[in-house]
Each structure stands twice: as structure tokens, then as C-alpha cells.
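Remarks on the structure that follows.
Worth saying up front: this structure is predicted, and the values here are computed from it rather than measured.
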Amino acid sequence: MEPLLDKIKQNLPDYKPHELNNLLLLSLCILQVGSVNLYKLRGHVGRILGADIQASSGYKRLIRIFDGHAYSRLWLDLLLYGFRLLRLKSDYLLLDGTSWERRGVERHYLTLSILYQGVAIPIYWVDLCRLGISSERERKKIFRRIFKLYDLCGKTLIADREYIGKEWFKYLQNQGLDFIIRLRKNSYRKAINACKGKSWEEMERKVLHSKLPNKALKKRVIIEGLEYNFIVVKNPDPNAKDKVVYLLSTLNAAAVFIAGQYLLRWGIECCFRHLKSNGFQLEEINLKGKARSKLLMAVVVFAYVLSIHEGLKKYKSVRLIRKANGSMVKAESVFRNGWDNLMAKIPTFEHFVQYVVDNINEAASKYRSQIWLRV
């Protein structure tokens, strides 16, 4: 194991071999058990290591990494190490949050992801420690941190209607980000109707009466001195409660194109499902303190990236199934396919470490995956 850990240490030089060993052990525990709850994981440490280790000793080994590095930059270094697996070249960013309450503890993970081959990969997150949505002020503060880590200029941010606000829109433009953001019904209606062209009501009626399932109209509008495109599009889902979707965007493109790109936002919803109920049970997190939780989330993202990397290898060969509406979809997600294949390849901890070394070294030799990172 020492030669393998030495190879990993070449990329993570600030950490001792036993720290890297425990970090990878935690990653494999999460992958094998499908939970982030350390009390659930502790009893599996001995089995994974092939040693007679009591559950209490297993817990001490897992928690040790948080005792030593909750406030270090290990969370970021682990992300960057995992990102070597992926050619993280993408034009789109996805912003959303996921909330839950467990045993009296409220959490809200505001998460920024990059869209990679149709899959959302988290690159930054903050636990707001409450239920509900973020404010404009909070988002701007968080994004100031993000821009210190990542060069995102020229990318397009896609977000739902919880992420609106005139000052927020200005901030994104000043940072060189385009955006496609859904509006609540009647948001900025007065300002939009004051601009030349069809009124809000006329655009809405026209798309509703169209026979086209994805009819979309666009209007150039000015809100507090800044120009945007206002898009009204018929909801492609006939069973949706909202028959019309309203978008605001800085992109100068056809209305139907902008409306189509907004649908990419669904990728982050899938990501949350995989990190939670359909994967690693993030809601079971039992660590106290934002710093510890942030590091654990980084380990979860690392395990998630390993699964995505494996799933994309032969995803084209995954069989198609027909949905009730007649559309054809893959029988399983990239994540589930990759997770299952990964577990079949790594029967022991040593196999897992070897897999990490071989795959990351191979991927890193093919391309530079971190050209958009500032760190």
C-alpha cells in the first residue's frame, strides 16, 4: 500500500500517508455502504480492511480526518484531485439548493455545479444551516469566494425562480457570467410591459394558443438600465401545473434555444437525488459544525465523481427503455451505472486505491482538466 499512497501523495503533498489512507478508506466506506453516517460506516471498516477491528476503533479512524483537517484546505485539494478524472470543459453552470431537517438540525446546501457531459458535478457548496432560500446578499458573498477559486468568466448560469433579484442580475453581468434564470409569474411585469413590443399578456396568450409544444417568444427588455431578453415559453410538460414558463437571460439567441438550454437545469436535481435518496444518503450526515460537514461533502463529491467517471466509459451501450409517454430513455443513470460497475471492480481496499491511482494518472496524462481553476 505504501507505494500506492506515495503516488497519491505526489498530487496531495501536504498530507501524511496515514491521512490519505483514512481519507480513501472513508470514500470506499461511503461507496460500499451508501451512506455518509459515520455510525453506520464504522462497523464496515474492519471488513473493508480485512482486519479484526471493533466498530468503536473504526469510528475513531474515520473521525480522525475531520479532527485534523476540518479547517484546512483538504476539502478543496480532494476536489481538485478528483477533477483530474474529468475533462471539466463546459459552458454551463447550475445553481440550486437542497434543504432538509433531521433531528432538529436544519440544513440548506446551496450548490454550484458545472454541467459535464449532461451530468451536474458540484464544485462549491455552502450549508446555510436553515430551511428556505438564500438572499441576494448571501449569494453575492458566496460567489465572491467562488470566483477566487474558479475562472468562470464566459460561462452561462442556469437557475430556477428562487434566484432572482435586480442586484443579483447586475452582479452576475459584472462578473462576466451570462445567465438563464426562471422568473416567478408577474416578476418585473410592469418594467417589461413598459418596453417596446408585445406585452407580457400578449406573449403569454400567443404561446398558450400555439399548436407547437415548445412555442417560445422573446422580447428585449430594460430593467434598471440593463438589457435582457425576456422569454415566454409553453411548458413542454402537458401535466405541469404551470402551463407557461418565464425566463430572463443575457444570451442573444433564439427564444426556443434559450428555453431549451434552461431545461439543462434538471441535471442538478438529478445530482441531488443521487447524493441523497438514490445514492449516498446525504441527509443522514451526523457531523456537527459547518467545517466538518464541508469536508465530508467533498468526500461525497469525490465518490460521486469516481462513479460518474466509471459510468461514462460505456454509457452508450446502456439499454434504452420506453416511458409511458412514448419517449425512450436509458434504463439507468450514468451515476447508478458507474457506481455498480465501480463496486464490481474493487473487491478490496487495496484494489480501490490502485483504481484511484491508475485512473487519475491515466486521465491526467491525456488532458489538462483544470484550466478553469485559479488554485
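- Phe352 approaches Leu24 most closely through the heavy-atom pair CE2-O, 3.3 Å.
- Side-chain contact annotation: Glu201 with Ser199, donor-acceptor N/O pair under 3.5 Å present.
- The hydrophobic clustering, which links ILVMFWY residues whose side-chain heavy atoms are closer than 4.5 Å, places Phe83 and Leu312 together.
- The environment of Arg47 atom CZ is dense: over 12 non-hydrogen atoms of other residues, nucleotides or ligands sit within 6.0 angstrom.
- Taking the six-membered ring for Trp, Phe280 and Trp339 have ring centres closer than 6.0 Å.
- Residues Glu310 and Lys345 are paired through a salt bridge, judged by an N-O separation under 4.0 Å between the basic side chain and the carboxylate.
- Residues Leu5 and Val357 have side chains not in contact (no heavy-atom distance under 4.5 Å, counting atoms from C-beta outward).
- Using a 4.5 Å heavy-atom cutoff, the side chains of Ser210 and Leu208 are not in contact.
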How far apart are the C-alpha atoms of Ile223 and Lys166, what are their side-chain angles, what is the distance that settles it, and do they pass the side chain to side chain contact (heavy atoms under 4.5 Å, CB included) test? CA-CA 8 Å; Ile223 300 176; Lys166 296 175 183 178; 4.1 Å; yes
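- Side-chain rings of Tyr304 and Phe335 approach one another, their centers coming within less than 6.0 Å.
- Evaluated for a side chain to side chain donor-acceptor pair (under 3.5 Å) with Thr98, the options Arg273, Lys276, Arg107 yield exactly one hit, Lys276.
- Residues His108 and Gly132 share a closest heavy-atom pair of ND1-O, 2.7 Å.
- Ion pairing between a basic and an acidic side chain is recognised when a charged N comes within 4.0 Å of a carboxylate O; Arg102 and Glu284 show no such pairing.
- Using a 4.0 Å cut-off between charged side-chain N and carboxylate O, Asp160 and Arg184 make no salt bridge.
- Counting heavy-atom neighbours within 6.0 Å of Lys330 NZ, excluding the residue itself, gives a total above 12.
- Residue Leu128 comes nearest to Ser134 through the heavy atom pair CD1-CB, 3.8 Å, listed as atom of the first residue, atom of the second, then distance.
- Annotation: side chain of Arg189 is in contact with side chain of Asn193 (closest heavy-atom distance under 4.5 Å).
- Salt-bridge formation is not detected for the pair Lys290/Asp127: no Lys NZ or Arg NE/NH1/NH2 atom is positioned less than 4.0 Å from an Asp or Glu carboxylate oxygen.
- Under a 4.0 Å N-O distance rule, the pair Lys170/Glu224 qualifies as a salt bridge.
- Of the candidates Asp178, Leu115, Leu172, Leu264, Thr156 forms a side chain to side chain contact (heavy atoms under 4.5 Å, CB included) with just one, namely Asp178.
- Around the NZ atom of Lys243, the shell of radius 6.0 Å holds more than 12 heavy atoms that belong to other residues, nucleotides or ligands.
- Between Asp96 and Tyr109, the side chains place no donor N or O within less than 3.5 Å of an acceptor N or O (distance only, hydrogens not considered).
- Counting heavy-atom neighbours within 6.0 Å of Asp52 CG, excluding the residue itself, gives a total of 12 or less.
- In plain terms, the two heavy atoms of Leu247 and Arg182 that are nearest each other are CD2-CA, 3.7 Å.
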With ring pair (Phe, Tyr, Trp, His ring centres under 6.0 Å) as the criterion, how do Phe179 and Trp168 come out once you've worked through the C-alpha distance, each side chain's angles and the decisive distance to 0.1 Å? CA-CA 11 Å; Phe179 63 79; Trp168 172 239; 8.5 Å; no
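- The shortest side-chain heavy-atom distance between Ile30 and Ser35 does not fall under the 4.5 Å cut-off.
- With hydrogens and angles left out, the side-chain atoms of Asp358 and Gln354 include a donor and acceptor closer than 3.5 Å.
- With 3.5 Å as the limit, one finds no donor-acceptor pair spanning the side chains of Gln54 and Arg42.
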Go through the steps to decide whether Glu2 and Lys16 satisfy the test salt bridge (Lys or Arg N to Asp or Glu O under 4.0 Å), and finish with yes or no. CA-CA 11 Å; Glu2 287 186 8; Lys16 298 176 181 178; over 6 Å; no
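- Electrostatic pairing of Glu269 and Arg265 counts as a salt bridge here, judged by a charged N lying under 4.0 Å from a carboxylate O.
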Could you walk me through whether Leu112 and Phe143 pass the side chain to side chain contact (heavy atoms under 4.5 Å, CB included) test, one step at a time? CA-CA 9 Å; Leu112 181 68; Phe143 266 69; 4.0 Å; yes
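- The two residues His69 and Glu19 have their closest heavy-atom pair at NE2-OE2, 2.9 Å.
- With a 6.0 Å radius and a threshold of 12 heavy atoms from other residues, nucleotides or ligands, Lys7 has its NZ atom at or below the threshold.
- There is a side-chain donor-acceptor pair under 3.5 Å between Glu204 and Tyr246.
- For the residue pair Asn359 / Lys313, a side-chain donor-acceptor distance below 3.5 Å is found, with atom types taken as modelled.
- Scanning all heavy atoms of the two residues, the minimum distance from Ala120 to Gly267 falls at CB-O, 3.5 Å.
- Checking Asn252 against Arg220 by side-chain atom types alone, a donor-acceptor pair falls below 3.5 Å.
- Linking ILVMFWY side-chain heavy atoms closer than 4.5 Å, directly or via other members, places Val119 and Leu263 in two distinct hydrophobic clusters.
- Among pairs with a residue in residues 56-67, those fulfilling side chain to side chain donor-acceptor pair (under 3.5 Å) read Asp67-Arg292, at least two apart in sequence or across chains.
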Would Leu93 and Tyr124 count as a side chain to side chain contact (heavy atoms under 4.5 Å, CB included) here? Give the steps. CA-CA 11 Å; Leu93 302 167; Tyr124 197 86; over 6 Å; no
Carefully, step by step, assess Leu31 and Ser307 under the rule side chain to side chain contact (heavy atoms under 4.5 Å, CB included). CA-CA 9 Å; Leu31 282 163; Ser307 301; 3.7 Å; yes
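- Linking Ile, Leu, Val, Met, Phe, Trp and Tyr residues whenever their side-chain heavy atoms come within less than 4.5 Å leaves Phe147 and Ile158 in two separate clusters.
- Classified by interplanar angle (parallel below 30°, tilted 30° to 60°, perpendicular above 60°), the ring pair Trp75/Trp125 is perpendicular.
- Side chains of Lys155 and Ser90: a donor-acceptor N/O pair is absent below 3.5 angstrom, by distance only.
- Residues Phe272 and Met297 are members of separate hydrophobic clusters, defined by side-chain heavy-atom contacts under 4.5 angstrom among Ile, Leu, Val, Met, Phe, Trp and Tyr.
- In the hydrophobic clustering of this structure, Ile258 does not group with Leu183; members are Ile, Leu, Val, Met, Phe, Trp, Tyr whose side-chain heavy atoms approach within less than 4.5 Å, directly or through other members.
- Heavy atoms from other residues, nucleotides or ligands lying under 6.0 Å from CD of Glu106 number more than 12.
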